[in-house]
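A short worksheet on the structure shown next.
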There are 2 protein chains.
Amino acid sequence: MTKDTREKIIELAQEAIATRGYSAFSFRELATALGIKSASIHYHFPTKTHLGVEVARNYRGQLKHAFDNIENGYPDDPKKALESLIAVYRYEVRSSQRMTVCTMLGAEIKNLPVEIQTEMKSFYDLNIGFIERQFQKMGYENPREKACQLFALLQGGLMGSKGQNDPAYFDVVVKSAQLL
Amino acid sequence: MTKDTREKIIELAQEAIATRGYSAFSFRELATALGIKSASIHYHFPTKTHLGVEVARNYRGQLKHAFDNIENGYPDDPKKALESLIAVYRYEVRSSQRMTVCTMLGAEIKNLPVEIQTEMKSFYDLNIGFIERQFQKMGYENPREKACQLFALLQGGLMGSKGQNDPAYFDVVVKSAQLL
DNA sequence: AATCACCTATCTAGTGATAGATAGGCTTGA
DNA sequence: TCAAGCCTATCTATCACTAGATAGGTGATT
């Protein structure tokens, strides 16, 4: 019951961060959305930094979980696994107003409390690690490098689609990943 | 003399936006840096939106100017022209705390006044247009698509380098552009 | 040449709104 | 009974923004 509130706060904060950024969301706005008062959010998270860190950790967990699922689903089909990842991004491009938490916090990084800055590295490690493993399975010679390249393409493609308000941009960009 | 103040405000605001974002910079901080009062900034720019639009326009002008220079310098060497563009990004990666104005405002887009959102499209048109022209000169079959791909790579590479605090990431990412 | 009107660029002092944060009290269920 | 969860009420700091004043320069009229 009460645990729910805490989780809902994290969920809403995550959505807000991915959509408008860390510095642009407020306790009051989350509270209003939840039908409670901003003071009550401080009960669960003493400071905005605490909440931010928790969102980051939560996001990290979701990432890990999603990657585990994909890899369990396609243990011997790395190409399908990569396509699943791309499909997630494509879905975000087409159906949401959001960036990725990783992308948004990455852009804002110089304006974040150090505790959150620290979390950033793990987002990249998870994403690139997942991609790298697929490329390994595919027998590529420089799986790590290729992974960095694909991930940059995904991030750049997502950002560009939103910036130009053109979902097709993402598809065009990702097309070049067919040189996998 | 006095014209200078206005220009210095734009300059400082641009730096602040590229570093920490539109929603994270304040009139007071610019004023303090200039040794004046925030009220004086309102003399030059009635609202934050006005200033933001002016920064965007100014940035657009700088972009255009930089691209013109490169194209005049290498009218018959599109490869060198592209290398010049990449060198600019590489320099930003290694020597500054900044993102690009285009990258930063792109991430924040859902939190920007519409007047500034509108400017975004022109950043992409300029960047991608420049790259496309070089690919045309190089006789590529789908210069526009290739241009989108390279630009996404540059944006993603810049963001990733900052997010991981690893300049080498950019170099690794851009290496894949050697398939030009 | 002197005066009057206006402009530029800044100031002081303040507005109301909102930010994150805190102290202390009420309510409810185990 | 007592702690969890949320409340009211408030604080301090900062936000963008405004009103009104002032000092110094420009320029035209007399």
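Note: hydrogens, waters and symmetry copies are ignored here, and every other heavy atom, side chains too, is used. Residue numbering restarts at 1 for every chain, and letters A, B, ... go by the order of the sequence lines.
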So what does A/Phe45 touch, heavy atoms closer than 4.0 Å: a base, only the sugar-phosphate, or nothing?
->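 Counting heavy atoms under 4.0 Å across all strands, no contact is made by A/Phe45.
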Who passes side-chain hydrogen bond (donor to acceptor under 3.5 Å, both in side chains) against B/Thr49, sequence neighbours left out?
->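 Partners of B/Thr49 under the side-chain hydrogen bond (donor to acceptor under 3.5 Å, both in side chains) test: none.
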Give the rounded distance in Å between these two atoms: [atom1] of [X] and [atom2] of [N].
X       : N      : atom1 : atom2 : answer
A/Lys48 : D/dT14 : NZ    : P     : 15 Å
B/Tyr22 : D/dC15 : OH    : P     : 14 Å
B/Phe27 : D/dT18 : CZ    : C1'   : 13 Å
B/Leu30 : D/dT14 : CG    : P     : 16 Å
A/Arg6  : D/dA4  : CZ    : P     : 14 Å
A/Arg28 : D/dC7  : CZ    : P     : 13 Å
A/His44 : C/dA21 : NE2   : C1'   : 16 Å

Report the residues that fulfil salt bridge (charged side-chain N to carboxylate O under 4.0 Å, His left out) with A/Asp77, sequence neighbours left out, ordered by chain and then residue number.
->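 A/Asp77 satisfies salt bridge (charged side-chain N to carboxylate O under 4.0 Å, His left out) with no residue once adjacent residues are dropped.
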Among residues 33-42 of chain B, which contact DNA chain C at a heavy-atom distance under 4.0 Å?
->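 DNA chain C contact set from residues 33-42 of chain B: B/Gly35, B/Ile36, B/Lys37, B/Ala39, B/Ser40.
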Any chance the rings of B/Tyr124 and B/Phe151 have centres within less than 6.0 Å?
->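 Distance test on ring centres: under 6.0 Å, yes.
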Looking only at side-chain N and O atoms, does A/Tyr43 come under 4.0 Å of OP1 or OP2 in D/dG5?
->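 Checking D/dG5 against A/Tyr43, a side-chain N or O does come within under 4.0 Å of OP1 or OP2.
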Contact under 4.0 Å: A/Thr5 side-chain N or O vs D/dC6 OP1/OP2 =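 Yes, such a contact exists.
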Using the six-membered ring wherever Trp is involved, compare the ring planes of A/Phe25 and A/Phe27 and label them parallel, tilted or perpendicular (cut-offs 30° and 60°).
->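 Aromatic pair A/Phe25/A/Phe27 classed parallel.
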Cation-pi, A/Tyr43 ring and A/Lys37 (6.0 angstrom, 45 degrees) =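 Cation-pi check for A/Lys37 and A/Tyr43: fails.
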Just wondering, are more than 12 heavy atoms of other shown residues or ligands nearer than 6.0 Å to CD in B/Gln97?
->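 Atom CD in B/Gln97 is not packed in, count stays at 12 or less.
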